[in-house]
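Every chain is numbered from 1, with letters handed out A, B, ... down the list of sequences.
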Amino acid sequence: MSQGILQDFNNFQFEEDLLNWYYENKRDLPWRRSHDPYKVWVSEIMLQQTKVDTVIPYFHRFMERFPTVYDLAKAEEQDVLKAWEGLGYYSRAKNLQAAVKEVVATYNGKVPDDAKELESLKGVGPYTKGAILSIAYNQPVPAVDGNVMRVFSRVLKIEDDIALAKSKKQMEKYLEELISKDDPSSYNQAIMDLGATICTPKSPACLVCPVAEHCRAFQDGVQEVLPIKSKAKKQKKLQYIALLVKNEKDEFLIEKRPNTGLLADLWQFPMIEVVSKEIDIESEFLKQYGLTVRNQQKKGDLKHVFSHLIWELEIHEVETEEKTVTAPRLRFVKKNDLKTYPFPVSHQNMMKFI
DNA sequence: AAGACGGGGTC
DNA sequence: GACCCAGTCTT
């Protein structure tokens, strides 16, 4: 047993109380119906920074569309992005498919049960590695996410800033010791359920918590103070003119975004960044897109908030006499065909102005 | 260590 | 508005 913070912590009783609670109260979630490593993997990627309720319908559709690693490996990337449309953090989808291709090519289609192999896969970090190893393969490996940081900041009364990388590393060290060696799969999932339903960020339900008697924060009445987390910086504001460019065939001009960075490889309506007060939209559009447009008409405003920036879009409709475009990332598309392309939510909202 | 990377829900 | 969410990658 280590000196320090784990000293005097009754882990034997904590584990028993936690697991007994979990066996009686675990949530019935779609990805818990099997221990198929591929399903565990997909669910864990989708659940990154994303609530369970949001993920459930996406998970069902994704599994129907790509039931096995082989189906996902051979899919068109655009189809994968379309299945991910609206879920956000789209590099997750691209990395997942790249990693699945690697699993098919290198591991004969079997999701690795080895830590080194797993963490070499794109999009698989310390958390996802631990989740797959524990949930799918029942190995006693920690999976430290926001829930775990919060629950154990309170249980062990840790007052370090959980936004710092070293705090998470330290927590992984503690959990290597604490994690159940009898049922690591249930242990990790129990902490997540506890964090999601009882040990919540605000107003934790300590009076019905199965491990309240082991919780140092509760004993000292500081459960509402922990965990300590430094503030996020506020978003940068960006202003754009977003254009519904319609030709005489009633088609709209769309463009594919660059293959890296924000919303990579998703489609959008053309946008012109508003740098100065007085910009001439028609000449600026000709300069950036090479098309002549006319009869500009303002349709409305749209605001879209990302985690790190804010888009303020001024929606305009214009007409063009062009019927074709040669640039590969530009395309004229009928209104009814727009739904076949993956769009960010901000530009799905633009379609309401059509 | 800090920033990039989505979107939705809550208070 | 601020905060949070079953994080990872890049700089």
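Checked by atom type, the side-chain pair Asn188(A)/Ser134(A) shows a donor-acceptor distance below 3.5 Å. Using a 3.5 Å distance cut-off with no hydrogens or angles, the side chains of Gln288(A) and Glu284(A) do pair a donor with an acceptor.
Base engagement by Trp31(A) is indicated by at least one non-hydrogen atom pair under 4.0 Å involving a base atom. Looking at heavy-atom distances under 4.0 Å, Val124(A) makes contact with sugar-phosphate atoms alone, never a base. Within 4.0 Å (heavy atoms only), Lys303(A) reaches sugar-phosphate atoms of the nucleic acid but no base atom. Nucleic acid contact for Lys229(A): sugar-phosphate only, since backbone atoms but no base atoms lie under 4.0 Å from a heavy atom of the residue. If you check every strand for non-hydrogen atoms under 4.0 Å, Leu29(A) touches a base. Residue-level contact check: Arg27(A) touches the bases, meaning some heavy atom is under 4.0 Å from a base atom. Counting non-hydrogen atoms under 4.0 angstrom, Ser43(A) reaches nothing in the nucleic acid. In this structure, Arg257(A) reaches neither bases nor backbone, as no heavy-atom distance under 4.0 Å exists between it and the strands shown.
For DNA chain C, the span of nucleotides reached by chain A at under 4.0 Å from its heavy atoms goes, 5' to 3', from dG1(C) to dC9(C).
At least one cation-pi condition fails for Arg92(A) and Tyr89(A): the charged atom is not both under 6.0 angstrom from the six-membered ring centre and inside a 45 degree cone around its axis.
Annotation: ring-ring contact (aromatic ring centres under 6.0 Å, His included) contacts of Phe66(A) (sequence neighbours excluded): Phe62(A).
Between Trp31(A) and Phe59(A), the gap from one ring centroid to the other is short of 6.0 Å. Not less than 6.0 angstrom separates the ring centroid of Tyr70(A) from the ring centroid of Tyr38(A).
With both ends at atom C1', the span from dC9(C) to dG8(B) equals 23 Å, rounded to whole Å. The P atoms of dG6(B) and dT11(C) are separated by 15 Å, rounded to the nearest whole Å. Nucleotides dG3(B) and dA6(C) place their P atoms 24 Å apart, quoted to the nearest Å.
Asp193(A) has a carboxylate O that lies under 4.0 Å from a charged side-chain N of Arg32(A), or vice versa, which qualifies the two as a salt bridge. In summary, Lys129(A) and Asp114(A) do not engage in a salt bridge, as defined by a charged side-chain N under 4.0 Å from a carboxylate O.
Nearest-nucleotide assignment on DNA chain C puts the 5′-proximal partner with Glu44(A), out of Glu119(A) and Glu44(A).
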Note to self: For a quick check, with a 4.0 angstrom heavy-atom cut-off, what is the B/S/- contact string for nucleotides 3-11 of chain B, read 5' to 3'?
What the structure shows: SSBBBB---

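What you find for Ile198(A) and Trp21(A) is that their closest heavy atoms are CD1-CZ2, 3.8 Å.
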